[in-house]
Amino acid sequence: MAEVDMGEASAIGGDLILVLNSGSSSLKFGLYQPGAADEEPVLVGSADGIGRGDGSLRIRSSDGKTIVRRDGIQESQGDALAALATEMREHAGGVPAVVGHRVVHGGPRLSHHQVITPQVLEQLRSAMHFAPLHIPQALSLIAAAQTIFPTAVQFACFDTAFHRTIPEVAAHLPLPQRYFDAGVRRYGFHGISYESLVHHFGASLPSRAVFAHLGNGSSLCAVRDGKSIDTTMGLTPTGGIPMGRDPVTLIRVSFCIFTERGV
């Protein structure tokens with residue numbers, strides 16, 4: 001499926017672009033508008049401690065000044081998004097024309113950033129066993145965003161999309177071919193981060209480069225001519241180099257997929 005640029009969509013339907021990045025108990029967001037050379041921030045912030053009594057909502061203006069500081073429980077990411085929408089109308093003077101959702105895993109079929117359609121949602125549901133902690137949460141947030149911003153174009157931006165150019169020799173895990181055909185392969189993650197680096201460096205990016213995404217979740221990516229050719233993360237975001245969270249073995253995750261698929 002052909003990719004659609006969120007900036008082009010905003011130029012057609014309005015100026016504001018809302019980007020959402022959901023975590024297990026947090027929701028990070030940025031509201032942007034088209035600038036002279038690239039999108040420019042209008043509001044940025046996060047809702048933390050979702051579902052806990054010590055929850056908070058923080059929103060900063062483009063100059064870094066905190067304009068909203070609210071403490072209290074947000075029962076769900078949908079509640080946090082509704083609170084954000086209220087503040088957005090007050091401090092940005094409107095609602096977004098485009099909403100972009102970071103989705104950790106697109107499964108074997110969703111390998112490009114794309115407009116969210118009923119067919120895309122169905123394919124995401126069918127790939128739920130590839131990321132059982134992440135995809136249900138993403139689907140819930142997408143549904144909330146569609147309700148809160150009914151006129152906005154909704155995009156799914158997949159962390160796995162940047163790595164669709166990895167050759168099969170690197171994507172193929174040391175398992176029989178039937179497992180690769182069932183979707184058990186190296187997908188790679190942090191793709192949006194790596195893609196942004198390629199965009200940032202532009203023509204100055206060397207033809208061969210190695211990027212490192214370091215944090216609670218960490219990975220490395222080999223890039224040639226601006227495209228991913230190998231990465232340390234594999235079937236899930238839990239493999240590869242040591243990082244902050246306890247890794248889940250390939251066997252344990254594969255068991256879930258084999259059970260689901262009857263492989």
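Computation of the quantities below employed the complete heavy-atom set of this structure, encompassing side-chain atoms and omitting hydrogens, waters and symmetry-equivalent molecules.
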Task: Least distance between heavy atoms, His172 atom then Gln177 atom - done: NE2-OE1, 2.9 Å
Task: From His101, His134, Arg125, residue fulfilling side-chain contact (heavy atoms from CB on, under 4.5 Å) relative to Leu139 - done: Arg125
- [ ] Kindly give the heavy-atom pair with the smallest separation between Glu87 and Leu57, and that separation in Å.
- [x] CG-CD2, 4.4 Å
TODO: State whether the number of non-hydrogen atoms from other residues, nucleotides or ligands found under 6.0 Å of His91 atom NE2 is greater than 12.
DONE: yes
Open item on the list: Is there a side-chain contact between Phe29 and Leu18 in this structure, where contact means two heavy atoms from C-beta onward sitting under 4.5 Å apart?
Closed with: yes
Open item on the list: Using a strict threshold of under 4.0 Å (side-chain N to carboxylate O), is an ion pair present between Lys65 and Asp63?
Closed with: no
Task: Cation-pi geometry met for Arg164 and Phe162 (6.0 Å, 45°) - done: no
- [ ] Scan Leu141, Leu20, Asp159, Val19 and name whichever one has a side-chain contact (heavy atoms from CB on, under 4.5 Å) with Arg102.
- [x] Asp159
Task: Distance-minimising heavy-atom pair for Ala171 and Arg185 - done: CB-NH2, 3.2 Å
Open item on the list: Tell me if the CZ atom of Arg58 is crowded by more than 12 foreign heavy atoms within 6.0 Å.
Closed with: yes
Open item on the list: Before we go on, tell me: are the rings of Phe158 and His112 under 6.0 Å apart, centre to centre?
Closed with: no
Task: Point-to-point distance, once rounded to the nearest 0.5 Å, from OG1 of Thr231 to NE2 of His163 - done: 4.5 Å
Task: Over 12 non-hydrogen atoms of neighbours within 6.0 angstrom of CZ in Arg224 - done: no
